[in-house]
Each structure stands twice: as C-alpha cells, then as structure tokens.
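If you read the sequence from its start, that first residue is 1, and numbering goes on from there. FYI, side chains are in, hydrogens and waters are out, and symmetry mates aren't considered; it's all heavy atoms of this structure.
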Amino acid sequence: MRLKTCLILLAALMAACAEAQTYNTGWSMRYVKEHHLMTRGAETRVVDIDLEWPDEIDFQDVEPLRTYLAGKLFDVPTSDFPTAYRTFMERQGEEVTRQFDSIPDDDKFCYTELKLTYLGGVSNRYASFRLSANVSPMAKSSLTARQTDELITYDLATREVLRAKDLLRSSAASGGEWKGDLFLLQVWSQDAGYHYLQLSEGCLLPGGSLLVYMIEQENDGALALYSRMLPLDFGKRFFTKKAKQLTGKKQTPLKIEQPNSKTLAWVGDYGIDTDSSAMVNPRDTAWRKFISYIGDNFRLPTYEEGVYGKAMVSFVLDTLGFAREPRIVKSVGPDIDRELVRTISMMPRQTPMEANGKKTCKIFCLPVRIDLR
C-alpha cells in the first residue's frame, strides 16, 4: 500500500476560523487517558482510565448513549461526563501526592480499569463502541468486584443502545438461535463436521460487518473468548429487522437541527468562559506553532487508500502551558483521531497565553487535512 498524500493544514483558513469560533461541526469525542494512585482511609486504589467518550455524533446529542455508558463505567446515573467522572473519582478517595508513611496493606488494595473504545460507524445511522469495566478488590477492600465487557451499537435515528440480542435473531432455517445469553450458530467444516459457534456479544462495524465475541473450546477443554469480524453476507442471514435497516442501502434521512454554537463542559476548572472569546484566533502565532508541531510529530497509521477529509482537534492550554483534555470535534476516522490526540497529549510544555498581563487558559481548535487518495 502506498500513502499518496498527507497534508497538514498550515494556513489560517477562514473556514477553519469559523468552525473554531462556533464549534458547529456536529461531532465531539473526548479522549481521557489517565493513571491515578488513590487512598481512602487505609485502602490503596489504582485507577487506569482510557476513554473515547461521545458528546455529539452527526449533530445528534447522544444523551441516551452517554447515560448508558456512565451507568456501566462509573455506576453514576447521568449523561453529563464531568459530573460522572468527578463523582466516580471522589468515591476512590484522594490522590497520592507524597510518600506513604507506612507500607500499604496489600489486602486493602483495589485495581480498577475503565476503557471505552470508539469502533466506528456510518454517518447518520449508527456508531459502535466497546466498553469494559474491571474492578478487582483484594480481600479487605470495601469495593465490590465488577467485570463488564460489552460491544454496543447506538442507533442515531431511534436513539437506542443495541446489544447482540437486538441485532441477531433466532432462525431455525439457518441454524442460529439464542440459548440464554449465547447465540449458537451451527456451521460445517471439513475438519470438524457440524459444530456450534458460541457468540456472546456483537456490534455493527462500518460496511455492515459484525464484530462478535466468540467462545471457543481450547485443546485442553478450557473455554476462551475471542473477537472475530464476520462479513456482511454471513451476518445478514441472522440479522433482525433493526440490523437490516441499519446496514441496508435505503436510509430515512435524519432531521438534523444544527445548533448555533456548542457549549463545552470540561472536567477541570480552568476559569475560562466556553464561548468564542475563550478561543484563540487562528492568526495568533501560538496557533501556527501548534499546527507546525502536529506536522512534525503526527504519524499516519497504517491505512488503506481512500481516506480523506478534515479533522479538527481541540484542547485547553492551561496557565502552566500544558495541553489538557484533548477532544476531536471533527472526525475523519478512529485511527486518525487517536493519532491526533496522542500527538497533542505528548506536546511539550508551551508558553502560556496571557490577557491583561496575566497568564490565562485558552481553547485551541486546530484543523488537519488528510488526503490519502
């Protein structure tokens, strides 16, 4: 595969300026990757967080999706990410900022890992995610063990969160049926003859293929969980009416009401107004410096030809000169988005912005044009 072109937009285009000032891109995905060492009383807790959190998709305020994700990941019944995140972290205790006075009790240790990955979707139809929450407390920890690993598809038209049972139907003619929480699929192979595939989770991917969790028996008799991608022609035999509507060629256009501006909610308290006055003018020298930094450090993921478009990445430059809370406000694709966020997150400390002689936080929104045609 030959990468034809990757153009980083260096000029302060008026169109980019307009989008930065209004945030009217119809897309907003937060990227949160953090490691915390916490204490609560005599307990020690390690929390690893790696989230790709949707605020807006295709001009849709995906509140039902956010509420579902917050419940599964944070065990907090809200659609507001900052509220869910702060509530969850407050439950973990206080951040460790100095050496322990004594060796922590291992029996009071707990490790928590929260992960949410955007898998892709089809514009104005659906978006799919993988979420996992793993809470592993030791014997004397006050926390309860919890393990969740799900594949979900969000229907943008009906505002529904769809699981495997919403996408796959029992069909005696084709040999697939639900047995409790497992979808058993009878298939034929030359080596094993007729045997069953056991599917536990599933979601739609771009192009209509189906990503599934498959339970298979190892040679020693143990059961192992694998992820597999089933092609559209294979999955369509077992798709429900809902799944066929989402993957079919015909589509009912969504009624999209584009907002005049986008209100941003941040986890941190930066003391800034989230209106256009908080955003940096693209003619500013700092804006050009960051664009140049992206051009020097952005590493294009391995990709097939045909990927093109303009992505936009936003972040807060705080009073210490660090880039905080990067988010994608216009997407080209999951892999490109992740690399943009990685590039911004690795940016060295910069000179803070100033207003009236005082250091101040500012919002940057940087356009990056990708063309691999």
Open item on the list: Rounded at 0.5 Å granularity, tell me how far CZ in Phe238 sits from CG in Leu199.
Closed with: 9.0 Å
Open item on the list: What I want to check is whether the side chains of Tyr154 and Arg66 have a donor and an acceptor closer together than 3.5 Å.
Closed with: no
Task: Cation-pi geometry met for Arg327 and Trp266 (6.0 Å, 45°) - done: yes
TODO: Verify, without hydrogens or angle tests, whether Trp178 (side chain) and Leu168 (backbone) share a donor-acceptor contact under 3.5 angstrom.
DONE: yes
Task: Under 3.5 Å donor-acceptor, Arg349 side chain and Gly321 backbone - done: no
Open item on the list: Measuring only between side-chain heavy atoms, which start at C-beta, is Lys115 closer than 4.5 Å to Ser132?
Closed with: yes
Open item on the list: I need the minimum non-hydrogen distance between Ala127 and Ile57, along with the two atoms involved.
Closed with: CB-CD1, 3.8 Å
- [ ] Identify whether the distance between the nearest side-chain nitrogen and carboxylate oxygen of Arg98 and Asp101 falls below 4.0 Å.
- [x] yes
Open item on the list: Quick check: closest heavy atoms across Pro326 and Ser345, and the distance to 0.1 Å?
Closed with: CG-OG, 3.6 Å
Open item on the list: What I want to find out is whether Glu339 reaches Arg299 closely enough, with some N-O distance under 4.0 Å, to be called a salt bridge.
Closed with: no
- [ ] Supply the atom-to-atom distance Asn297 CG to Met347 CE, rounded to the nearest 0.5 angstrom.
- [x] 10.0 Å
Open item on the list: One pair to check against salt bridge (Lys or Arg N to Asp or Glu O under 4.0 Å): Arg169 and Glu177. What are the steps and the verdict?
Closed with: CA-CA 7 Å; Arg169 62 182 177 87; Glu177 61 177 336; over 6 Å; no
Task: More than 12 heavy atoms from other groups under 6.0 Å of CG on Asp296 - done: yes
Open item on the list: Checking Phe298 against Leu340 for the side chain to side chain contact (heavy atoms under 4.5 Å, CB included) test, could you report, in this order, the C-alpha distance in whole Å, the side-chain angles of both residues, the deciding distance, and whether it holds?
Closed with: CA-CA 7 Å; Phe298 181 88; Leu340 275 174; 3.8 Å; yes
Task: Phe81 to Arg30 - nearest heavy-atom pair and separation - done: CD2-CD, 3.6 Å
Task: Shortest non-hydrogen contact between Ala133 and Leu114, atoms and distance - done: CB-CD2, 3.7 Å
- [ ] Indicate whether any N or O donor in one side chain lies under 3.5 Å from an N or O acceptor in the other, for Asp337 and Ser331.
- [x] yes
Task: Sidechain N-carboxylate O distance under 4.0 Å for Asp166, Lys242 - done: no
Open item on the list: Looking only at side-chain N and O atoms, does Asp48 offer a donor or acceptor that is under 3.5 Å from a partner on Tyr111?
Closed with: yes
Task: Donor-acceptor under 3.5 Å (Arg130 side chain, Thr117 main chain) - done: no
- [ ] Answer yes or no: is there a donor N or O on one side and an acceptor on the other, between the side chain of Tyr118 and the main chain of Met29, under 3.5 Å?
- [x] no
Open item on the list: Test your reading of the model: is there a side-chain donor-acceptor pair from Asp155 to the backbone of Ala157, 3.5 Å cut-off?
Closed with: yes
- [ ] Would you please test Val212 and Ser227 for side chain to side chain contact (heavy atoms under 4.5 Å, CB included) and show each step?
- [x] CA-CA 6 Å; Val212 298; Ser227 61; over 6 Å; no
- [ ] Considering non-hydrogen atoms only, spot the tightest contact between Met38 and Gly93 and give its length.
- [x] CE-O, 3.3 Å
Task: Inter-residue atom distance Ile328.CD1 - Met312.CE, 0.5 Å rounding - done: 10.0 Å
Open item on the list: Under a plain distance cut-off of 3.5 Å, with no hydrogens placed, do Arg45 and Ser142 share a side-chain donor-acceptor pair?
Closed with: yes
Open item on the list: side chain to side chain donor-acceptor pair (under 3.5 Å), that's the test. Do Asn134 and Ser136 meet it? Break it down for me.
Closed with: CA-CA 6 Å; Asn134 182 25; Ser136 303; 3.3 Å; yes
- [ ] Answer with yes or no whether the hydrophobic clustering places Leu204 together with Val122; edges join I, L, V, M, F, W, Y residues whose side-chain heavy atoms lie under 4.5 Å apart.
- [x] yes
Open item on the list: Is it true that Tyr213 and Asp149 share a donor-acceptor pair across their side chains at a distance under 3.5 Å?
Closed with: yes
Open item on the list: Using side-chain heavy atoms (C-beta onward) and a distance below 4.5 Å, is Trp53 in contact with Asp55?
Closed with: yes
TODO: Please name the residue in the list Thr153, Leu210, Leu162, Ile152 that meets the side-chain contact (heavy atoms from CB on, under 4.5 Å) test with Cys203.
DONE: Thr153
Task: Phe290 and Phe315: CA distance, side-chain angles, deciding distance, ring-ring contact (aromatic ring centres under 6.0 Å, His included) verdict - done: CA-CA 11 Å; Phe290 294 146; Phe315 63 93; 5.6 Å; yes
Task: Residue pair Asp75, Phe88: steps toward the side chain to side chain contact (heavy atoms under 4.5 Å, CB included) verdict - done: CA-CA 8 Å; Asp75 194 24; Phe88 173 81; over 6 Å; no
- [ ] Answer yes if the side chains of Gln92 and His36 hold a donor-acceptor pair under 3.5 Å, and no otherwise.
- [x] no
Open item on the list: So that I can tick it off, tell me whether Arg40 and Glu94 are bridged by a salt bridge, with the cut-off set at under 4.0 angstrom between side-chain N and carboxylate O.
Closed with: no
- [ ] Please examine the side chains of Gln350 and Pro348, heavy atoms only from C-beta on, and report whether any two atoms are closer than 4.5 Å.
- [x] yes
Open item on the list: Quick test of your reading of the model: are Glu201 and Arg163 salt-bridged, counting only N-O distances below 4.0 Å?
Closed with: yes
Open item on the list: Would you compute the distance between atom CD1 of Ile49 and atom CD of Glu34 and round it to the nearest 0.5 angstrom?
Closed with: 6.0 Å
Task: Polar side chain donor-acceptor pair, Tyr68 to Glu63, under 3.5 angstrom - done: no
Task: Pairwise side-chain contact, Thr343 with Tyr293, heavy-atom cut-off 4.5 Å (strictly under) - done: yes
Open item on the list: With clusters defined by side-chain heavy atoms of hydrophobic residues (ILVMFWY) lying less than 4.5 Å apart, directly or transitively, does Val32 cluster with Leu65?
Closed with: yes
Task: Value rounded to 0.5 Å, distance of NZ in Lys179 from CG in Leu184 - done: 7.0 Å
Task: Heavy-atom donor-acceptor pair, Glu325 side chain to Gly268 backbone, under 3.5 Å - done: yes
TODO: Without swapping roles, check the side chain of Thr44 against the backbone of Thr39 for a donor-acceptor pair under 3.5 Å.
DONE: no
Task: Arg338 and Glu52, any side-chain heavy atoms less than 4.5 Å apart - done: yes
- [ ] State whether the side chain of Arg91 and the backbone N or O of Phe74 hold a donor-acceptor pair below 3.5 Å, judged by distance alone.
- [x] yes
- [ ] Evaluate the side-chain proximity of Pro77 to Thr67: yes if any heavy-atom separation is below 4.5 Å, no if none is.
- [x] no
TODO: Would you please say whether a donor-acceptor pair under 3.5 Å links the side chains of Glu95 and Thr97?
DONE: no
- [ ] Run the numbers on Ile363 and Cys365 for side chain to side chain contact (heavy atoms under 4.5 Å, CB included), then give the verdict.
- [x] CA-CA 7 Å; Ile363 303 171; Cys365 187; 5.6 Å; no
TODO: Taking Tyr126 for its side chain and Leu205 for its backbone only, find out whether a donor-acceptor pair lies under 3.5 Å.
DONE: yes
Open item on the list: For Lys165, I'd like to know if atom NZ has over 12 heavy atoms of other residues, nucleotides or ligands within 6.0 Å.
Closed with: yes
Open item on the list: Between Val76 and Leu73, is there shared hydrophobic-cluster membership here, with clusters defined by ILVMFWY side-chain heavy atoms closer than 4.5 Å?
Closed with: yes
Open item on the list: Looking at every non-hydrogen atom in both residues, tell me the closest pair between Arg86 and Val267 and how far apart they are.
Closed with: NH2-O, 2.8 Å
Task: Pairwise distance NZ(Lys358) to OG1(Thr319) - rounded to 0.5 angstrom - done: 12.5 Å
Task: Val135 reachable from Phe109 in the ILVMFWY side-chain graph, under 4.5 Å edges - done: no
Task: ILVMFWY cluster, Ile103 and Val46 together (side-chain gap under 4.5 Å) - done: no
